[in-house]
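Worksheet: one structure, shown below.
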Protein chains: 2
Amino acid sequence: MTVATMPDTRTRIVASAQRLVQMRGFNGMSYADIAAELGITKAALHYHFPTKTDLGLAAVDRYAGDFAAALRVIDESTPRGKDRLSAYASLYVDALEGERLCLCAMLAAEQRTLTPAVRRAVEGFFAANVRWLADVVRLGRRDGSLGGVGPPDAVAHMLLGAFEGAMLVAWSRGDLPGFRRTARQLVESVAPAR
Amino acid sequence: MTVATMPDTRTRIVASAQRLVQMRGFNGMSYADIAAELGITKAALHYHFPTKTDLGLAAVDRYAGDFAAALRVIDESTPRGKDRLSAYASLYVDALEGERLCLCAMLAAEQRTLTPAVRRAVEGFFAANVRWLADVVRLGRRDGSLGGVGPPDAVAHMLLGAFEGAMLVAWSRGDLPGFRRTARQLVESVAPAR
DNA sequence: GTCTATAGGCAGATAGAC
DNA sequence: GTCTATCTGCCTATAGAC
């Protein structure tokens with residue numbers, strides 16, 4: 001039996017910021033929103049994160065770290081390429097169920113109003129996803145669960161864009177079933193020809 | 001020989017607003033930005049568009065109208081399904097060359113901070129695109145230029161998400177060649193098996 | 001670490017002269 | 001239609017007490 005412990009303030013701030021950015025965008029949320037949510041003052045937030053960019057950077061780092069951990073879990077628990085792709089889709093479903101957009105999709109859209117440091121962090125997230133997806137495509141072609149045309153890297157770029165875009169459209173419409181259908185369609189589109 | 005005429009103020013305002021939203025987002029641009037760009041005052045803007053929502057709505061209407069017109073041009077000039085899909089991709093390229101994201105992709109991301117009227121307009125844009133893409137898939141299957149698996153509507157949803165997502169990722173990285181590659185990959189993925 | 005208080009700026013929006 | 005001038009409110013950020 002473990003005791004439920006309250007995470008420290010810094011962690012709670014980042015979690016709140018991450019959620020708010022995923023729902024309202026970096027330019028659509030403020031220190032006041034987080035302060036109200038956590039029941040502390042704006043000044044306390046500035047103690048932990050002097051500038052808003054510091055906060056945004058911490059949110060991306062946390063998000064990318066959690067996502068990478070989820071991918072490692074998939075790698076360890078799911079042997080076939082096609083199943084890994086479906087498991088990847090379910091990570092997007094998890095976010096949508098919390099009414100959240102992918103943090104990096106949101107920040108990508110706002111890119112021009114962000115600092116270079118945040119931009120680079122978002123780019124790193126996408127690059128890591130493409131690398132992982134390319135590995136999945138190679139694996140799936142070896143084990144016979146995936147086919148498709150073109151080099152693994154090109155397919156991986158297509159898949160990343162397709163998942164992110166399907167999520168964006170479905171999220172804006174509040175259409176989770178629609179995302180599930182599109183994700184299935186996508187996986188079948190790179191399945192081997194029968 | 002036609003005389004180059006300056007568009008009326010209202011039109012110039014909407015054009016400027018549209019461009020700014022595509023580059024910086026609705027929450028990332030202001031009346032002051034437009035005023036500076038056009039050399040008029042904020043008060044003049046409020047004469048034409050009392051609230052920012054009025055302005056956003058006008059921008060979406062214009063954007064959706066221009067896009068629909070471009071789709072009609074494709075319908076009239078391009079007979080084969082697969083070529084229509086490539087022409088569709090080139091519309092995205094045009095925006096990226098102007099360093100702009102799709103207006104409705106941007107507004108979709110900011111959805112939670114927008115008024116219901118703007119949300120509905122964005123939804124209408126996506127729905128029109130899906131209808132057009134489904135028609136293209138049906139046409140391509142008839143003329144033998146497209147194949148793919150699944151019902152045309154499901155493929156159309158996948159294609160819309162894939163193009164919008166590929167655009168978002170490429171735009172955030174300033175990687176136009178990358179978008180071209182992914183668009184080609186996408187078209188080949190729904191081409192008929194050889 | 002968290003608070004109160006406040007600075008300084010920019011946002012969207014309005015009044016009224018011309 | 002466009003201007004000057006201004007209002008009100010929220011934003012990020014800081015100073016200094018506790």
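Taking atom CG on B:Leu45 and atom P on D:dT2, their separation rounds to 9 Å, with Å as the unit. Here D:dC3 presents its P atom at 11 Å from CG of B:Leu38, a figure rounded to the nearest Å. Nucleotide C:dT2 holds its P atom 14 Å from the CD1 atom of A:Ile34, rounded to whole Å. Residue A:Asn27 contributes atom CG, which lies 12 Å from atom P of C:dA11 at whole-angstrom precision. Whole-Å rounding puts the A:Leu20 CG to D:dT12 P distance at 12 Å. Atom CZ of B:Arg12 is separated from atom P of D:dG1 by 14 Å (rounded to the nearest Å).
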Please lay out, stage by stage, how B:Val155 and B:Leu159 fare under the test side chain to side chain contact (heavy atoms under 4.5 Å, CB included). CA-CA 6 Å; B:Val155 177; B:Leu159 287 170; 3.9 Å; yes
Side chain to side chain contact (heavy atoms under 4.5 Å, CB included), that's the test. Do A:Leu133 and A:Leu85 meet it? Break it down for me. CA-CA 8 Å; A:Leu133 284 166; A:Leu85 210 50; 3.7 Å; yes
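OP1 or OP2 of D:dT2 sits under 4.0 Å from a side-chain N or O of B:Thr9. At least one side-chain nitrogen or oxygen of B:Thr41 sits closer than 4.0 Å to the OP1 or OP2 atom of D:dC3.
Heavy-atom minimum distance, A:Leu139 versus A:Pro79: CD2-O, 3.3 Å.
A distance of 9.0 Å separates CG of A:Leu96 from CZ of A:Arg180, quoted to the nearest 0.5 Å.
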List, with names and distances, any nitrogen or oxygen atoms from the protein found under 3.5 Å away from nitrogen or oxygen atoms belonging to nucleotides 12-18 of chain C.
| residue | atom | partner | partner atom | Å |
| --- | --- | --- | --- | --- |
| C:dG12 | OP1 | B:Lys52 | NZ | 2.9 |
| C:dG12 | OP2 | B:Tyr31 | N | 3.1 |
| C:dA13 | OP2 | B:Lys52 | N | 2.8 |
| C:dA13 | N7 | B:His46 | NE2 | 3.1 |

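Between A:Glu110 and A:Arg119 there is no salt bridge, since no side-chain N of the basic residue sits under 4.0 Å from a carboxylate O of the acidic one.
No side-chain N or O of A:Asp83 forms a donor-acceptor pair with one of A:Ser86 less than 3.5 Å apart.
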